[in-house]
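Note sheet for the following structure.
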Number of protein chains: 2
Amino acid sequence: MAGMTTPDLNLARFLPYRLSVLSNTISHTVARLYETRFGITIPEWRVIAVLGSGRTMSAGEVAAATAMERVQVSRAISRMLESGLILRETGDRDRRRADLTLTAKGRAIYTEIAPLALAYETRITSVLDPAEVEMLDRLLAKLQLQADALATSP
Amino acid sequence: MAGMTTPDLNLARFLPYRLSVLSNTISHTVARLYETRFGITIPEWRVIAVLGSGRTMSAGEVAAATAMERVQVSRAISRMLESGLILRETGDRDRRRADLTLTAKGRAIYTEIAPLALAYETRITSVLDPAEVEMLDRLLAKLQLQADALATSP
DNA sequence: GCAGGATAGTTTCATCTGAAACAATTGCAA
DNA sequence: TTGCAATTGTTTCAGATGAAACTATCCTGC
């Protein structure tokens, strides 16, 4: 058909690309808060973050809570066992699972990083007014739901 | 100080985490559009996307336009040269740089993927009304600016 | 009980990744 | 000029990654 054109894909305006760049910029900055100072990686930080509440969880529960794959969690855990950040206790009832808890050392790291991470979040959203922050929250929630739906369906 | 508590960091509500999960969900789904069918990777798709406009660019310009690191672009380019998706012509004036263009084969891939990618974007934003889409656009732009500012400053 | 399948977690393997070192070329300044 | 820093892009190396195979344990139906 004459005059038929490919729709223009302007990468800089393409939502998946923009989200990826924004997320990378932010993750990289946040990672600087703990990578050099505490020598922990992003997966390890996520494990600390979910165990920081004081709850004890299995590796599988950590995976679910952090949206990481089982293999990533497994590797983070083995590093953290070596560096003494967490404690692993094989379950009595079910010896496949093991309960994980932060050690005092792990908790100390959480106590130091959490305020820094929250302070970063505050600084980055400081360019938004309260209504915009609330809207961002709503929009991200809606998009995540739809992204999940589109991820599984064709 | 008695009663002093660490501020609670709820990972599921932490903006950097939410953005990371959303971005990963979306990227993974979009990548499925071209990974299996065309055998190209995310970096290669980004190169195709920016060269798809018809412009010819150097590797450095591609890096800037795609927010990728030089080394990533270099590797994507060498794969694409092998698979015949792009053409590289060393500059006359400056023989360090080389101009890159899509071949017919590369352009054909762009012509097939671009509509699929845009259709995905339409589907994912279909859960938002037009005002929300516009708001999302504004919010992401503001956040990216601030993220960039916080990335460079201490 | 016990065979077959499900579940929790680990390991293997091939690939990807980023930092830093490197090579090639250009521009600038003495 | 000519030497030195800056720019463009590539390669190297060590570690990270994900898919799939694997181990160990548990559960279910017979």
Side-chain angles (χ1 to χ4, degrees), chain A residues 20-21 23-25 27-32 34-36 39-47 50-51 56-83 86-101 151, chain B residues 20-21 23-25 27-32 34-36 39-47 50-51 56-83 86-101 151:
Chain A
S20 169
V21 173
S23 171
N24 285 343
T25 309
S27 288
H28 188 262
T29 304
V30 172
R32 273 205 325 214
Y34 47 77
E35 269 177 352
T36 58
I40 64 174
T41 63
I42 295 182
E44 289 172 63
W45 153 242
R46 286 194 180 176
V47 174
V50 295
L51 293 179
T56 143
M57 310 169 79
S58 70
E61 289 166 340
V62 168
T66 57
M68 294 195 292
E69 317 222 336
R70 290 203 319 299
V71 59
Q72 261 183 308
V73 173
S74 172
R75 285 196 266 242
I77 284 172
S78 85
R79 279 192 301 265
M80 295 170 79
L81 284 170
E82 266 186 51
S83 50
I86 60 175
L87 212 74
R88 173 165 63 183
E89 198 175 0
T90 301
D92 288 339
R93 231 180 42 212
D94 185 341
R95 289 189 5 250
R96 289 170 306 179
R97 346 183 340 143
D99 288 326
L100 304 166
T101 357
Chain B
S20 169
V21 172
S23 171
N24 284 343
T25 308
S27 288
H28 188 261
T29 303
V30 172
R32 272 205 325 214
Y34 47 77
E35 267 175 354
T36 58
I40 63 174
T41 63
I42 295 183
E44 288 172 64
W45 153 242
R46 286 194 179 176
V47 174
V50 297
L51 293 180
T56 142
M57 310 169 79
S58 70
E61 290 165 340
V62 169
T66 57
M68 295 195 290
E69 319 221 336
R70 280 168 176 220
V71 58
Q72 262 183 307
V73 173
S74 172
R75 286 195 265 242
I77 285 172
S78 84
R79 279 191 301 263
M80 295 169 79
L81 285 170
E82 266 185 52
S83 50
I86 60 175
L87 212 74
R88 173 164 64 183
E89 198 175 1
T90 301
D92 288 339
R93 229 178 45 211
D94 184 342
R95 286 187 11 247
R96 289 170 307 183
R97 341 184 344 139
D99 288 326
L100 304 166
T101 358

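A, B, ... follow the sequence lines: proteins, then strands. Residue 1 opens every chain.
- For the pair A:Trp45 CH2 and D:dA16 C1', the computed distance is 21 Å after rounding to whole Å.
- Of the candidates C:dT17, D:dG18, D:dT10, D:dG18 carries the atom nearest the A:Glu69 side chain, counting heavy atoms from C-beta on.
- Distances from the side chain of B:Arg96 to the nucleotides D:dG9, C:dT25, C:dA19 place C:dT25 closest.
- Following rounding to the nearest Å, A:Asp94 (CG) and C:dT7 (P) show an atom-to-atom distance of 12 Å.
- Here the side chain of A:Ser78 pairs a donor or acceptor atom with the backbone of A:Arg75 at under 3.5 angstrom.
- Dashed line: the shortest gap from a side-chain N or O of B:Arg70 to OP1 or OP2 of C:dC22 is not under 4.0 Å.
- When each of A:His28 and A:Val71 is assigned the nucleotide of DNA chain C bearing its nearest heavy atom, the one mapping closer to the 5' terminus is A:Val71.
- Note: CD (B:Glu89) to C1' (D:dT8) measures 17 Å, nearest angstrom.
- Here the P atom of nucleotide D:dG18 and the CD1 atom of B:Ile42 are 11 Å apart, to the nearest Å.
- Side-chain proximity of B:Arg75 to C:dA19, D:dT10, C:dG9: nearest is C:dA19.
- Nearest nucleotide to the A:Gln72 side chain, out of D:dT17, C:dA8, D:dG9: D:dT17.
- D:dT10 atom P lies 13 Å from atom CE of B:Met68, rounded to whole Å.
- Rounded to a whole Å, the CG atom of B:Leu100 is 14 Å from the P atom of D:dT8.
- Computed from coordinates, the A:Ile40 CD1 to D:dG15 P distance equals 19 Å when rounded to whole Å.
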Start with the C-alpha distance between B:Ile86 and B:Ile77, add both sets of side-chain angles, then the distance that settles side chain to side chain contact (heavy atoms under 4.5 Å, CB included), and finish with yes or no. CA-CA 8 Å; B:Ile86 60 175; B:Ile77 285 172; 3.8 Å; yes

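- Side-chain atoms of B:Ser20 and A:Arg46 form a donor-acceptor pair, as typed in the model, at a separation below 3.5 Å.
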Quick one, A:Leu51 with A:Met57, criterion side chain to side chain contact (heavy atoms under 4.5 Å, CB included). Give me CA distance, side-chain angles, the key distance, then yes/no. CA-CA 7 Å; A:Leu51 293 179; A:Met57 310 169 79; 4.1 Å; yes

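- Among the heavy atoms of the strands lying under 4.0 Å from B:Ser58 are primed sugar atoms or P, OP1, OP2 only; no base atom is included.
- In this structure, the side chains of A:Thr41 and A:Tyr34 stay at 4.5 Å or more apart for every pair of heavy atoms.
- Heavy atoms of B:Arg88 sit under 4.0 angstrom from primed sugar atoms or phosphate atoms, though from no base atom.
- Closest to the side chain of A:Arg95, out of C:dT25, C:dT11, D:dC26, is D:dC26.
- One finds no side-chain N or O of A:Ser74 lying less than 4.0 angstrom from the OP1 or OP2 phosphate oxygen of C:dG9.
- A straight line from CE of B:Met57 to P of D:dT8 spans 13 Å, rounded to a whole angstrom.
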